[in-house]
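Just so it is clear, the values below take in all heavy atoms, side chains as well, and ignore hydrogens, waters and symmetry mates. Chain letters run A, B, ... following the sequence lines, proteins first, then strands; residues in each count from 1.
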2 protein chains.
Amino acid sequence: MGKMICNCDSCHNKLCARQISIFSSLDDQQLMRIADLIIHKGYKKGELLIFEGESVNSLFIINKGQTKAFRNTQDGREQILYLFSEGDFFGERSLLRDEVSNYSVEALEETHICLIHKHDFQVLLKEHPDIALKIMEELCRRLDRLENTVETMGTRTVEARVSSVLLEFADKYGKPHPRGIMIELPLSREGIANYIGLTRETVSRKMSLLQDEGVIEMNGNKKVLLLDRSALERAADRAS
Amino acid sequence: MGKMICNCDSCHNKLCARQISIFSSLDDQQLMRIADLIIHKGYKKGELLIFEGESVNSLFIINKGQTKAFRNTQDGREQILYLFSEGDFFGERSLLRDEVSNYSVEALEETHICLIHKHDFQVLLKEHPDIALKIMEELCRRLDRLENTVETMGTRTVEARVSSVLLEFADKYGKPHPRGIMIELPLSREGIANYIGLTRETVSRKMSLLQDEGVIEMNGNKKVLLLDRSALERAADRAS
DNA sequence: CCAAAATCATGCTCAACGTCACATTTTTTT
DNA sequence: AAAAAAATGTGACGTTGAGCATGATTTTGG
């Protein structure tokens, strides 16, 4: 894509860098300087932003849109590791250490990215040590989530895993609704399956089951209405 | 145990803090100052150093010994998340953010610990920004490992998971041996099972299988001689 | 708004892992 | 060194999730 046009009132004028938590300790003048370093780029749904095994030379910050980070196994299956949305960053690992990416990153929808070049980023890191602390916080959050994922995949029933992921989505993407919480799913059934290490069919079956139990209500393929959150929480705690 | 006596030539004199990678950017004088902040403590096999759900007020650095970090599920199962050995640290998360621990940490053998109090650690972090970078590096290594674990648990056959863990142990604990690599296992079969989300019996069976195939040779319960590393690598790559 | 393509639901079958039981071996304790 | 405790190996069996096939539904693109 390369030559996407971001209608960037939201960037230079409103200082998009401010929305990003890792820069939250900086004042407006400092943010302005950072804004000058930023390159904007757009990606269409399905485009790859980062290729597994290749080196990365910028920090990617999502201005708008969503991406998934995943790995491919030989037999064509994929394991999704992270879902990134507005305000999230990625690519940091290759900048801190000099290594190729562990995973590919793909746009799940039209996505606008702010890029900071490796060199600029490292200068920033030296000038503003607080940024390192913020990044550390975010890394810790990711560790938390992965630890949860490992526990879930290691000790919980399949129904519990599906329930967990629905709860995660409810918290992250859910919006209030007269009869519960309306969730706009960021992934297809197959995507969900690849996120929690199951097959498409199993996810379908377990979601149908939850619907039969009156816990959720499916609305087309991309929307789920969560009717009974506490029932879902109980289901998510069930050990195998 | 509390009143353990560390015969600490290895500490003040030889500057045990130097062995620890997060302090590697400091000079001897700075290390001396840190050494003064350190409190030594010993734990017997089976003792808990950190309790899941409780707050932690020190950084733990292993001087000698090994620990496992794990979570308990309601039904008494446990999921092991990390194995820590000499030079590794833990408890950092509760110091960076103000949260209770996500996991318990238990000594797998007699273990000697260097403790740095929360307050002292935060002062150090301010004085020496390089420490933050080192910690960040270590957090990234943990993310790498957890990402691998998630991929393995999500997409690989059970035999591949067992093979993976044996390879991990070979790299970390293996010693050269005339006929291959001798591995001193840090965990029992049940421990291994809890590390990769399987049952004791399944681990037993798969290891017996690997032995029948001539890939490994079991020597008592705690020793495994790896005879054919490349066969094990091939097995570890097998998708489900 | 319609047609084509993609996604999803669901029934059936099979292999595999978990569970339970028990014998055996290894390790620890006294 | 003997006894007790813990860990391990292994068989039988049931459950369940994966694989495959097919029809239905939803989404997409013109």
Return the value, rounded to whole Å, for the distance between atom CG of B:L185 and atom C1' of D:dT8.
-> 13 Å

Quick one: which of C:dT28, D:dG9, C:dA9 gets closest to the side chain of A:M218?
-> C:dA9

Whole angstrom is fine here: how far is it from CD in A:E190 over to C1' in D:dT26?
-> 16 Å

Quickly work out the A:M207 CE to C:dT7 P distance and round it to whole Å.
-> 16 Å

Side chain of B:R189: nearest nucleotide among C:dT19, D:dG9, C:dC8?
-> D:dG9

A:E201 has an atom CD; how far is it from atom P of D:dG23, in whole Å?
-> 16 Å

Among C:dC17, C:dC8, D:dA18, find the nucleotide with the atom closest to the side chain of B:T202.
-> C:dC17

Nearest whole angstrom, please: distance from the C1' of C:dC17 to the CE of B:M153.
-> 15 Å

Working to the nearest 0.5 Å, report the span between CZ of B:F169 and OH of B:Y195.
-> 6.0 Å

Give a yes-or-no answer on whether the side chains of A:R156 and B:T73 include a donor-acceptor pair shorter than 3.5 Å.
-> no

Parallel, tilted or perpendicular: rings of A:Y82 and A:Y103 (30°, 60°) = perpendicular

Any donor-acceptor pair under 3.5 Å joining the side chain of A:R205 to the base of D:dG19?
-> yes

Between B:R142 and B:E138, is there a side-chain N and carboxylate O pair less than 4.0 Å apart?
-> yes

When the distance from CG of A:L187 to P of C:dA6 is rounded to whole Å, what number comes out?
-> 19 Å

Atom CZ of A:R238 and atom C1' of D:dT15: how far apart are they, to the nearest Å?
-> 17 Å

Among the candidates C:dA21, C:dT7, C:dT27, find the nucleotide nearest to the side-chain atoms of B:R200.
-> C:dA21

Kindly point out which of D:dT8, D:dA18, D:dT10 is positioned nearest to the side chain of B:N221?
-> D:dT8

OP1 or OP2 of D:dT10 under 4.0 Å from side-chain N/O of B:S208 | yes

Within the structure, does a side-chain N or O atom of A:K206 lie under 4.0 Å from either OP1 or OP2 of D:dT16?
-> no

Rounded to the nearest angstrom, tell me the gap between atom NZ in B:K222 and atom P in D:dA6.
-> 15 Å

So which one's nearest nucleotide on DNA chain D is more toward 5', B:S204 or B:S240?
-> B:S204

Would you check if there is a donor-acceptor pair between the side chains of A:R200 and A:S188 at a distance under 3.5 Å?
-> no

Tell me which of A:N219 and A:L198 sits closer to the 5' end of DNA chain D, going by the nucleotide each one is nearest to.
-> A:L198

Which of these nucleotides, C:dT10, C:dT7, C:dG18, is closest to any side-chain atom of A:S188?
-> C:dT7

